Amino acid sequence: MKLLTAKMKMADAIHANYLLIPVINRFGISLGFGEKTIENICSEHDIDVDFFLAIINAFGNKNYFPESRLQTFSVIMIVKYLKKTHQYYRETLIPSIENLLELLLEKSSRKNKSLAVVKKFFDEFKKEFFAHLKREESITFPYVEEIYKMYQPVQKSIKKKKLISYSMKIYKAEHDEIDEKLYDLKNILIKYISGDFDNAICSAIIFELFRLEKDMEDHSRIEDNILMPIVAEMEKSLKLIKA
Amino acid sequence: MLTGKNVLIVSPNQLQAIGLKSILYEYFSPKEVDIQSEFDNSLNKHLAEYIFLSSDIYLAHQKKLQAITRKLVILTEFEQDEESFENPAMLNTTLSQTELVDKLETIFKKNAGKSEDDQNEKLSLREIEVLVLVARGFINKQIADKLSISLHTVMSHRKNITRKLGIKTVSGLTMYALLNGLIQPKDVR
């Protein structure tokens with residue numbers, strides 16, 4: 001995939017990879033870029049252009065992931081981006097899949113019981129997925145922000161609050177579990193759906209599931225390979241965890 | 001073929017190694033492709049089924065490499081008089097992309113075990129029995145007791161079910177069983 005740079009027009013970046021549209025939306029950037037460059041738009045929105053470029057270049061690009069560079073960005077910036085990603089899943093992508101599923105049930109023959117089974121599995125997946133997002137927002141992210149505050153040299157004199165001992169490792173396992181469920185859902189729709197059903201809607205659902213999978217892959221990669229190592233490093237120097 | 005298998009490329013020429021890696025990912029479906037720039041003794045422990053080596057590394061460590069029971073492919077820069085596809089296979093890296101892909105395909109085909117291609121992907125009756133119990137919410141230990149087989153056997157059935165269907169989670173298996181009429185909704189605990 002073409003490497004995107006600051007002087008490039010934002011419109012060209014989207015032409016190169018349209019899957020970036022929801023990603024740039026997370027930064028508060030919406031369509032209608034005109035001839036503005038990535039740099040122009042970032043400064044208009046008060047966005048760190050290096051961070052923005054790192055995120056969009058690494059997005060969905062398996063072989064390009066500048067870990068050491070991404071690890072130099074402030075955790076606050078990273079957490080803010082991750083939160084926006086959660087919001088996108090919760091408010092846009094999952095509801096859109098849900099609507100399509102409901103439409104599928106509506107348009108297909110009532111006799112087709114297999115669709116209700118699929119819907120039930122999706123509901124379960126959604127519940128688990130949202131619970132995971134919520135746990136990250138109410139436990140992980142505040143913990144990371146707290147550690148970051150303690151880590152700032154100026155504030156080191158402030159007495160260290162006792163933090164609950166807490167391991168980020170369990171999140172890796174949860175990510176794997178959610179990824180597997182999503183994979184199964186996709187696979188079952190592709191391989192085992194049967195009876196009378198609206199093929200166009202079903203195809204659209206599979207498209208959306210692939211998109212969610214790709215986006216989540218990128219999201220987990222940032223959490224597991226960027227955020228976790230920075231936090232571990234801070235924990236170590238704050239001696240919260242014995243090295 | 002190469003589907004789901006690990007590959008290791010050992011070459012000091014990073015550009016060559018990365019090029020090969022992206023060809024493997026683009027045309028075949030390897031699980032992981034690792035790159036090492038030089039020979040080291042941990043090679044023996046690497047999970048790779050195929051090891052690609054630059055010819056100078058191969059020549060320098062020929063003795064040690066002969067002891068390794070992996071499929072070796074040597075990267076050369078010349079046309080061989082006699083083409084070799086089996087251990088060690090030779091790959092002429094000066095060929096065009098299309099020719100390279102064709103040669104690689106031949107190498108993987110020649111080395112694939114017979115069993116691999118005519119594997120029966122249908123579930124056996126025993127596997128269906130295990131699947132139904134999993135879908136109904138029983139854990140491995142209970143399934144072993146019910147079917148009077150060892151826990152180890154249950155796990156091996158489950159592994160095969162997952163491999164054949166491509167379904168990894170218990171709720172996915174339950175959905176499969178429901179969709180295929182193996183169980184009824186009221187059977188799910």
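First the proteins, then the strands, lettered A, B, ... as listed; each starts at 1. Predicted, not measured: the structure shown is a model, and the values here were computed from it.
Neither the backbone nor the side chain of Lys120(A) comes within less than 4.5 Å of any heavy atom of chain B. Interface remark: Tyr192(A) contributes backbone and side-chain atoms alike to the contact with chain B (heavy atom separation under 4.5 Å). For Glu124(A), the part lying near chain B is the side chain, with the backbone staying farther off; criterion is any non-hydrogen pair under 4.5 Å.
Residue Asp184(A) comes nearest to Lys168(B) through the heavy atom pair OD1-N, 2.9 Å, listed as atom of the first residue, atom of the second, then distance. Nearest heavy atoms, Lys191(A) versus Lys164(B): NZ-O, 4.1 Å.
Pairs passing the side chain to side chain donor-acceptor pair (under 3.5 Å) check and including a residue from residues 96-108 of chain A, sequence neighbours excluded, read Ser96(A)-Glu208(A), Glu98(A)-Lys126(A).
The number of heavy-atom neighbours closer than 6.0 Å to CZ of Phe130(A), taken from other residues, nucleotides and ligands shown, is above 12. The 12-atom threshold is exceeded at CD of Gln62(B), counting heavy atoms of other residues, nucleotides or ligands nearer than 6.0 Å.
Atom CD of Glu180(A) is separated from atom CD1 of Ile167(B) by 12.0 Å, given to the nearest 0.5 angstrom. Note that CZ of Phe121(A) and CG of Leu178(B) are 11.5 Å apart. Values are rounded to the nearest 0.5 Å.
Here the side chain of Asn187(A) pairs a donor or acceptor atom with the backbone of Leu165(B) at under 3.5 angstrom.
Under the salt bridge (Lys or Arg N to Asp or Glu O under 4.0 Å) criterion, Glu128(A) pairs with Lys181(A), not counting sequence neighbours.
Taking the side chain as every heavy atom from C-beta outward, Ile188(A) and Leu179(B) approach each other to under 4.5 Å.
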